[in-house]
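Worksheet for the structure shown next.
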Amino acid sequence: MGGAVQRSGLDEMAGKGGATGYLTVDLSAIARNYLRLSAMAAPARAAAVVKADAYGLGADRIAKKLYACGCRHFFVAQFDEALRLRPLLANDAMVFVLNGLQPGNEMACAREGIVPVINSLEQWRQWAAAARSLDRQLPAVLQFDTGMSRLGVPPQERAELAELVNVERGIKVLFVMSHLASADDPESVQNADQFIEMERVAAALPQFPVCFANSGGIFLDKAYHGALVRPGIALYGGLPIAGLADPLEAVVRLDVAVVQTRTVPAGTRVGYSGTHVAAGETRLATIAAGYADGLPRSLSGRGAVFCDGIRLPIVGRVSMDSITVDISALPEGRLRFGSLVEVLGPHQTLEHVARDAGTIPYEILTGLGRRYERRYR
Ligand SMILES: *Cc1c(COP(=O)(O)O)cnc(C)c1O
């Protein structure tokens with residue numbers, strides 16, 4: 001990651017409010033990431049993907065900030081997320097539901113001014129029926145499956161949909177879209193395969209602008225950008241393609257409190273099932289975040305936290321509410337009840353934690369629990 005999030009003006013000690021963890025979200029860094037991605041994609045415009053509460057960081061605050069930066073296209077996954085977000089944004093902003101038009105939601109969707117991503121012929125027909133019964137035009141994005149087999153109109157139904165689109169007056173199609181399955185790997189042939197499929201879609205419906213690239217797609221060839229790009233992870237500081245020069249800024253910082261320290265003699269077992277046995281006399285600290293707070297159990301005996309830039313390895317199993325770390329490398333007395341250690345920050349990025357946990361930054365970010373006090377800068 002690029003610029004480090006500076007120490008956030010947190011007290012050295014856990015706050016008086018009782019929180020034992022602080023998740024600091026740098027809204028200005030998100031704004032700068034948005035502007036940087038917009039510049040990379042220009043002349044295409046950049047949307048913002050704020051599904052799953054903006055990858056766990058707070059969709060309300062983040063969407064408003066991005067609106068102020070000029071973003072007008074917001075993607076969520078679910079209708080409920082759109083319902084919550086829609087009233088927070090001015091009318092010239094559009095809120096799109098990636099998971100499609102749920103049967104029975106047509107009228108609510110139309111009433112609230114939410115734009116469904118139409119994923120099937122059936123959804124198209126339902127939306128067209130809603131437009132007829134309301135006697136007005138309704139907006140939509142049309143999603144096509146170009147090789148991921150997840151969402152969108154399948155190739156064998158493309159021609160039929162194109163025919164319907166060309167005669168339907170009740171629906172205003174804003175974009176034709178698809179989603180890349182392997183944009184995190186620029187070498188993958190799947191990118192080119194999907195690109196060719198997307199060109200076929202665009203040829204069948206040439207009157208509509210294309211929306212294709214997620215964060216990874218923005219870093220692929222310009223040809224992938226279409227008219228509107230849809231970054232998610234990159235807004236939040238996650239580098240979509242490993243090993244690239246990173247133009248993005250870190251956005252999150254996570255500091256968690258120590259809740260107990262102790263010194264144990266050689267041979268002492270640590271944590272559930274006693275998987276760790278102290279090799280020599282060891283100073284330990286118990287930190288108030290565990291798998292219920294989004295530190296996966298796969299970090300047992302693998303991950304670390306930091307204090308004063310010094311790596312403090314996790315020893316033994318990750319518990320539900322805590323982890324235990326070896327603090328022998330720190331001066332005695334440096335950490336005590338209430339002291340904060342860095343879980344995410346200048347010394348440990350999302351990518352580091354994800355790698356240690358055997359997962360991807362997306363999963364770490366969206367899993368950061370509800371028990372941290374969230375602070376916005
Ligand atoms: C989640 C999602 C995105 C954003 O993906 P990132 O890799 O986070 O940029 C874009 N488009 C669709 C359809 C998605 O589901």
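We count ligands from 1, going down the list as the structure has it; atoms in each ligand are counted the same way. Index from 1, following the sequence.
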Practice item. Take Arg230 and His179 through the side-chain hydrogen bond (donor to acceptor under 3.5 Å, both in side chains) test and state the conclusion after the steps. Key: CA-CA 9 Å; Arg230 298 187 310 274; His179 188 49; 3.2 Å; yes
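- Contact atoms of ligand 1 toward Tyr55: 1 (C), 4 (C), 5 (O), 6 (P), 8 (O) (distance under 4.0 Å to a heavy atom of the residue).
- Counting heavy atoms from C-beta outward, Trp127 and Gln123 have side chains that stay 4.5 Å or more apart.
- At a heavy-atom cutoff of 4.0 Å, ligand 1 is contacted by the side chain of Val49 but not by its backbone.
- Expressed to the nearest 0.5 Å, how far CG of Asp145 lies from CG of Asn119 amounts to 9.5 Å.
- Which parts of ligand 1 touch Tyr362 is read off a 4.0 Å heavy-atom cut-off, strictly below it: atoms 6 (P), 7 (O), 8 (O).
- Nearest non-hydrogen protein atom to atom 11 (N) of ligand 1 is Arg230 NE, 2.9 Å.
- A heavy-atom separation below 4.0 Å is not found between Met148 and ligand 1.
- Between Arg150 and ligand 1, at least one pair of N/O atoms sits closer than 3.5 Å.
- Between Gly216 and ligand 1, no N or O atom pair is found at a separation short of 3.5 Å.
- With Asp53 as the partner, the salt bridge (Lys or Arg N to Asp or Glu O under 4.0 Å) test is satisfied by one option alone out of Arg370, Arg84, Arg374: Arg370.
- Ser319 and Asp321 share no side-chain donor-acceptor pair at under 3.5 Å.
- Between Phe208 and Phe175, a ring centre-to-centre spacing not shorter than 6.0 Å is recorded.
- Heavy-atom proximity to Pro231, at under 4.0 Å, picks out these atoms of ligand 1: 9 (O).
- The option with the heavy atom closest to atom 12 (C) of ligand 1, from among Gln143, His179, Met177, is His179.
- Side chains of Arg158 and Gln156: no donor on one and acceptor on the other come within 3.5 Å.
- The contact set between ligand 1 and Ser215, taken as ligand atoms under 4.0 Å from a residue heavy atom, comprises 6 (P), 9 (O).
- Looking at heavy atoms from C-beta onward, Arg125 lies out of side-chain contact with Ser120 at the 4.5 angstrom threshold.
- Applying the 4.0 Å criterion to heavy atoms of Lys51 picks out, from ligand 1, the atoms 1 (C), 2 (C), 3 (C), 14 (C), 15 (O).
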